[in-house]
Each structure stands twice: as C-alpha cells, then as structure tokens.
Amino acid sequence: MREVAEDYVEAVLDLVCAIPPGRASTYGVIAETIREATGRGGPRVVGMVMSRYGGETPWWRLVNARGDLPDDKRDRALPRWREEGIPLIRTDPPRVDLRRAGWEPGEEPEDGGATATVDRAT
C-alpha cells in the first residue's frame with residue numbers, strides 16, 4: 001500500500017474531528033480543503049487515511065458525495081447519525097441529507113448542529 005505523508009494524515013484527522021455533532025462532510029470537501037493548502041491529495045487518499053487511522057475520529061460524520069457509506073460502515077453509522085440528529089434522506093437505506101447537514105471547514109457552527117437550521121412549521 002502507498003504511504004501517505006504524516007502531515008496529510010494529521011490534516012485529514014484534524015478536519016474530521018472538527019466536523020460538529022449533527023453535521024457531516026464529504027471525502028471530497030476534506031480533500032479539496034487540504035489540497036488548497038498543500039497541493040496534494042484527493043477523496044480516495046482521504047478515504048485511505050480514514051481506513052488506516054480514522055478509528056478514533058467521528059468517522060460517521062464523513063460520507064461520500066451521495067451522503068452514504070459502504071454497507072458495513074453504514075450499519076454502524078446509522079445509530080450514531082440518529083443519536084446526533086443528523087438529517088437523513090428517507091431512502092432504503094437512509095443517507096445523510098447533505099443539503100441540511102453539510103459542513104465545510106471554516107464554517108461557524110450556529111449552535112452545534114444542523115437541526116437548528118431546519119424550518120419547522122408551527
């Protein structure tokens with residue numbers, strides 16, 4: 001397997017840990033952010049870093065561009081998504097609603113979660 005530079009690994013893990021509870025980001029957003037600073041990497045490299053080193057991070061907040069994870073990870077992530085109130089799309093299986101839950105580095109958290117931005121009928 002290909003080695004990934006330690007500074008890149010640290011950047012990925014730091015950004016994943018910065019995703020607030022109730023929110024989610026994508027491999028592509030994380031990769032683009034790091035690429036702007038370093039000129040290196042892409043979504044697959046972020047995925048490789050997460051598979052090797054991401055076990056102690058809130059990995060369930062990092063999804064693909066469709067708001068999904070591979071089956072084995074989705075089954076473990078779904079209870080965490082629900083516990084955090086991450087907005088989901090009611091598909092079978094459910095996916096993260098990135099329009100409502102999407103987070104990008106540098107974004108100021110409103111009150112710790114995406115649910116605060118959801119319009120609710122009263």
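Every value quoted in this text rests on a predicted model; they were computed, and no experiment measured them. Excluded from the calculations below are hydrogen atoms, water molecules and symmetry mates; all remaining heavy atoms, backbone and side chain alike, are included.
- The two residues Ile30 and Pro105 make their nearest non-hydrogen contact at CD1-CG, 4.4 Å.
- Here the side chain of Thr26 pairs no donor or acceptor atom with the backbone of Ala65 at under 3.5 angstrom.
- Scanning all heavy atoms of the two residues, the minimum distance from Arg61 to Glu84 falls at NH2-OE2, 2.7 Å.
- The distance from the CD atom of Glu104 to the OG atom of Ser25 is 7.0 Å, given to the nearest 0.5 Å.
- Listed by first and then second residue, the side-chain hydrogen bond (donor to acceptor under 3.5 Å, both in side chains) pairs involving residues 31-48 are Asp7-Arg40 (not counting sequence neighbours).
- For the pair Val46 and Leu62, the minimum side-chain heavy-atom distance is below 4.5 Å.
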In residues 76-83, what donor-acceptor pairs under 3.5 Å come from side-chain atoms, sequence neighbours left out?
residue, atom, partner, partner atom, Å
Trp81, NE1, Trp60, O, 2.7

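- Residues Val29 and Val16 do not share a hydrophobic cluster, clusters being chains of Ile/Leu/Val/Met/Phe/Trp/Tyr side chains in contact below 4.5 Å.
- Every residue two or more places apart in sequence or in another chain that forms a side chain to side chain contact (heavy atoms under 4.5 Å, CB included) with Asn64 is listed here: Tyr27, Arg66, Asp68.
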Under 3.5 Å, which donor-acceptor pairs link side chains of residues 86-94 to any protein atom two or more places apart or in another chain?
residue, atom, partner, partner atom, Å
Thr91, OG1, Pro93, O, 2.5

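- Leu13 places a side-chain heavy atom less than 4.5 Å from the side chain of Met50.
- Taking every heavy atom of both residues into account, Gly28 and Pro43 meet most closely at CA-CG, 3.8 Å.
- Hydrophobic clustering, with ILVMFWY side chains joined whenever heavy atoms are under 4.5 angstrom apart, groups Val96 together with Trp59.
- Smallest separation of non-hydrogen atoms from Arg100 and Arg23: O-NE, 4.5 Å.
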